[in-house]
Enquirer: 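Take this structure, written in structure tokens, and hold onto it; I'll ask about it next.
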Amino acid sequence: MKYRHLAEIVMLNAQLRPEATALASRQNPLTPEVGDYQCISHKAFYQRACEFGIKLLELGLKKGDRLAIFSNNCPEWAIADMGSMLAGIINVPIYPTLTAPEVTYILQDSGAKWVVYQTPDHQKILKESAKEIPDLQTLSVKKDFAPKRLPKEKRQKFEAKIKKIKGTDIATIVYTSGTTGTPKGVILTHDNILSNVHDLIAVTPLTDQDRALSFLPLSHVFERTVGYYTPLSVGAAIYYAQHFTTVPQDLPVAKPTIVISVPRLYEKIRVKMMADLTGFKKLLWIFPPTRKLIRAKIAKKLGGRLRFFVSGGAPLSLEVAAFFQELGLLIIEGYGLTETAPVIACNRLDAYKLGTVGKVLPSQEVRLSDDQELLTRGPNVSQGYWGHPEWNADLLESDGWCHTGDIAEID
């Protein structure tokens, strides 16, 4: 299915599969428990996103205004994200562990005057930012996201506004990490991100029976596109881990079919598994006919339903990739950057080569410059940086080619 804008994903899911699970959390007291997870249906997700969008408009925010989201992964993050987009408001995710000066810079650079925050620590940081931004306003995940009944007329009036959203509208401004200089606010439209979503669906067999475990920060576009929008676009469910450190405990409860992570997690899992392979277990592993016993035990620890892993954000070592392949668990490695929304290339379940980042996505082109820098072009490429057009020349050529800054080799 081709979506016209990102918010249409949650709208259509509410119509097609209203009672199926959209979001699930182990910490949300607002919804009924299902097992050890509390679930929010697609219908409820859409309703709560509409409620939040209407709340923003009633607070005085207008189309094109910026709302920052300063929170760990949770259902309210997604509700704030979709709610702001339904209202035509541009959201600005902020990495949840940034310091007060870093947060203040992003708020000032983006012009965001409203911030959704989650924890007391986040609130404390925002009080520091308010010294530099006196008109800064905040919304609390705990206090400002309770479900409520919307009058029918108010809902219909709001839904009429939704029809005016265009794919060319700016959906979000995502700031780069700043590890190579000043953080840059990357402008991403609905079309930029949706081109990636549609490409990923075309090359990856996902269905509404899939379930993704979310723990990489949604402030990074890798988790946001690959682990949130793409599964949601086919009606799959998003289960939130309590924290990066609790993933081993969350896996057997959430029972995901897909896990998306950076190489560090897979490296840590491998080290732990190798440490456990002592004595009799090591004999079982060395002897191929009995390896399936160990594989079955590992599969149970991972929830018993896992289909594949996804890796991005940094190079995955060939040694780690081969280890998991030996276990019968394929790690699909890909490559991209914030400015490309983010995926440029990825391996496929039916076409992969360990030690590479796979094939280019269908809607994109790549080529190498004379000095072997990878250049890419396609509908996913950002129009540039918020408020700093002078930086765009280093990113974009006049004919649309985007400089990745990475040296590559094309096989």
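None of the values given here were measured: they were computed from a predicted structure.
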Enquirer: Inspect the contact between Arg270 and Glu319 and indicate whether a charged nitrogen and a carboxylate oxygen are less than 4.0 angstrom apart.
Expert: yes

Enquirer: Between His220 (side chain) and Phe222 (backbone), is there a donor-acceptor pair under 3.5 Å?
Expert: no

Enquirer: Going by atom types only, do Gln249 and Thr246 share a side-chain donor-acceptor pair under 3.5 Å?
Expert: no

Enquirer: Is the shortest distance from a Lys or Arg side-chain nitrogen in Asp169 or Lys63 to a carboxylate oxygen in the other one below 4.0 Å?
Expert: yes

Enquirer: Examine distances only and state if a side-chain atom of Tyr352 and a backbone atom of Cys346 form a donor-acceptor pair shorter than 3.5 Å.
Expert: no

Enquirer: One pair to check against side chain to side chain contact (heavy atoms under 4.5 Å, CB included): Asp250 and Arg26. What are the steps and the verdict?
Expert: CA-CA 9 Å; Asp250 293 323; Arg26 300 185 82 175; 2.8 Å; yes

Enquirer: Given 3.5 Å as the limit, does a donor-acceptor pair link the side chain of Asn73 with the main chain of Leu216, or not?
Expert: yes

Enquirer: Taking the six-membered ring of Trp114 as reference, does the NZ or CZ atom of Arg66 fall below 6.0 Å from its centre and within a 45° cone about the axis?
Expert: no

Enquirer: Using the rule given for salt bridge (charged side-chain N to carboxylate O under 4.0 Å, His left out), can you reason through Arg307 versus Asp210, listing the C-alpha separation, both sets of side-chain angles and the distance that settles it, and then say yes or no?
Expert: CA-CA 9 Å; Arg307 293 174 55 210; Asp210 277 306; 2.8 Å; yes

Enquirer: How many angstroms lie between atom CG of Asn91 and atom CE of Met82, to the nearest 0.5 angstrom?
Expert: 9.5 Å

Enquirer: For Thr99, does its backbone N or O pair with a side-chain atom of Glu102 as donor and acceptor, under 3.5 Å?
Expert: yes

Enquirer: With rounding to the nearest 0.5 angstrom, report the OG1 to CG distance, Thr225 to Leu194.
Expert: 9.0 Å

Enquirer: Between Tyr3 and His190, does the ring centre distance come in under 6.0 Å?
Expert: no

Enquirer: For atom NZ of Lys143, decide whether the heavy atoms of other residues, nucleotides or ligands shown that lie under 6.0 angstrom number more than 12.
Expert: no

Enquirer: Restricting to non-hydrogen atoms, name the atom on Leu306 and the atom on Ile258 that form the minimum distance, rounded to 0.1 Å.
Expert: CD1-N, 3.9 Å

Enquirer: State whether the number of non-hydrogen atoms from other residues, nucleotides or ligands found under 6.0 Å of Arg305 atom CZ is greater than 12.
Expert: yes

Enquirer: Is a donor on one side and an acceptor on the other found under 3.5 Å between the side chain of Arg48 and the backbone of Lys148?
Expert: no

Enquirer: In sequence, state the C-alpha distance, the side-chain angles, and the governing distance for Met85 and His5, and then conclude on side chain to side chain contact (heavy atoms under 4.5 Å, CB included).
Expert: CA-CA 9 Å; Met85 287 194 289; His5 53 79; over 6 Å; no

Enquirer: Within the side chain of Asn347, is there an N or O that forms a donor-acceptor pair under 3.5 Å with the backbone of Lys359?
Expert: no

Enquirer: Indicate whether the side chain of Glu223 and that of Ser214 have a donor and an acceptor atom separated by less than 3.5 Å.
Expert: yes

Enquirer: For Thr21 and Cys39, work out which heavy atoms get closest and say how close.
Expert: OG1-CB, 3.7 Å

Enquirer: Could you check if a side-chain atom of Met1 sits within less than 4.5 angstrom of a side-chain atom of Leu16, using non-hydrogen atoms only?
Expert: yes

Enquirer: Taking side chain as C-beta onward, heavy atoms only, is Ser25 less than 4.5 Å from Pro75?
Expert: yes

Enquirer: Any ion pair linking Lys353 and Asp411 (charged N to carboxylate O, less than 4.0 Å)?
Expert: yes

Enquirer: Tell me, with the steps shown, if Phe309 and Leu316 meet side chain to side chain contact (heavy atoms under 4.5 Å, CB included).
Expert: CA-CA 12 Å; Phe309 289 113; Leu316 178 72; over 6 Å; no

Enquirer: Does Lys154 pair with Glu58 as a salt bridge, N-O distance under 4.0 Å?
Expert: yes

Enquirer: Could you tell me whether the side chains of His42 and Glu19 share a donor-acceptor contact shorter than 3.5 Å?
Expert: no

Enquirer: To the nearest 0.5 Å, how far apart are OH in Tyr46 and CG in Leu12?
Expert: 9.5 Å

Enquirer: Hey, is the main chain of Thr189 close enough, under 3.5 Å, to the side chain of Asn192 for a donor-acceptor pair?
Expert: yes

Enquirer: So do Thr172 and Val92 actually touch side chain to side chain, heavy atoms under 4.5 Å?
Expert: no

Enquirer: Determine whether a donor-acceptor pair (N or O, by modelled atom type, separation under 3.5 Å) exists between the side chain of Gln325 and the backbone of Ala321.
Expert: no

Enquirer: Can you check salt bridge (charged side-chain N to carboxylate O under 4.0 Å, His left out) on Asp65 and Lys113, steps first, answer last?
Expert: CA-CA 8 Å; Asp65 285 348; Lys113 294 296 193 300; over 6 Å; no

Enquirer: Distance only, no hydrogens: is a donor on one side chain within 3.5 Å (strictly under) of an acceptor on the other, for Thr119 and His122?
Expert: yes

Enquirer: Under 30°, 30 to 60°, or over 60°: which ring-plane class applies to Phe145 and Phe52, parallel, tilted or perpendicular?
Expert: parallel

Enquirer: Within the 3.5 Å criterion, strictly below it, is a donor on Asp81 or Tyr228 matched to an acceptor on the partner's side chain?
Expert: yes

Enquirer: To the nearest 0.5 Å, how far apart are CD1 in Ile201 and CG in Asn196?
Expert: 10.5 Å

Enquirer: Using every non-hydrogen atom in the two residues, find where Tyr266 and Ile260 come nearest and quote the distance to one decimal.
Expert: OH-C, 4.1 Å

Enquirer: Do Lys255 side-chain atoms and Pro252 backbone N/O form a donor-acceptor pair below 3.5 Å?
Expert: yes

Enquirer: Would you call Ile187 and Gln383 a side-chain contact if the rule is heavy atoms closer than 4.5 Å?
Expert: yes

Enquirer: Can you find a pair of side-chain heavy atoms, one from Arg377 and one from Val366, that are under 4.5 Å apart?
Expert: no

Enquirer: For a side chain to side chain contact (heavy atoms under 4.5 Å, CB included) check, start with the C-alpha distance between Val226 and Val310, then their side-chain angles and the critical distance, and finish with the verdict.
Expert: CA-CA 9 Å; Val226 180; Val310 177; 4.2 Å; yes

Enquirer: Is there a side-chain contact between Leu329 and Phe308 (heavy atoms, below 4.5 Å)?
Expert: no

Enquirer: Any side-chain heavy atom of Pro93 within less than 4.5 Å of one from Trp77?
Expert: yes

Enquirer: How long is the span from the OG atom in Ser382 to the CG atom in Asn392, to the nearest 0.5 Å?
Expert: 7.5 Å

Enquirer: Please report the shortest heavy-atom distance between Gln118 and Ser71, naming the atom on each side.
Expert: CB-OG, 3.5 Å

Enquirer: So how far is it from Leu86 CG to Met11 CE, rounded to the nearest 0.5 Å?
Expert: 7.0 Å

Enquirer: Could you tell me whether Phe215 and Phe244 have their ring centroids closer than 6.0 angstrom?
Expert: yes

Enquirer: Looking only at non-hydrogen atoms, find the nearest pair between Glu373 and Gly405 and report the distance.
Expert: OE2-N, 2.8 Å

Enquirer: Side chains of Thr340 and Thr376, heavy atoms from C-beta outward: is any pair under 4.5 Å?
Expert: yes

Enquirer: Salt-bridged, Glu333 to Arg348, with N to O below 4.0 Å?
Expert: no

Enquirer: Assess, by modelled atom type and distance only, whether the side chains of Tyr229 and Arg224 contain a donor and an acceptor separated by less than 3.5 Å.
Expert: yes

Enquirer: Is a side-chain N or O of Thr404 found less than 3.5 angstrom from the main chain of Leu374, in a donor-acceptor match?
Expert: yes

Enquirer: Which heavy atom of Asn380 sits nearest to which heavy atom of Val343, and what is that distance?
Expert: ND2-O, 3.8 Å

Enquirer: So, are Glu159 and Arg155 salt-bridged, with charged N and O less than 4.0 Å apart?
Expert: yes

Enquirer: Should Asp109 and Lys184 count as an ion pair when the cut-off is N to O under 4.0 Å?
Expert: no

Enquirer: Looking only at the side chains, is there a donor atom on one of Tyr385 and Glu390 sitting less than 3.5 Å from an acceptor on the other?
Expert: no

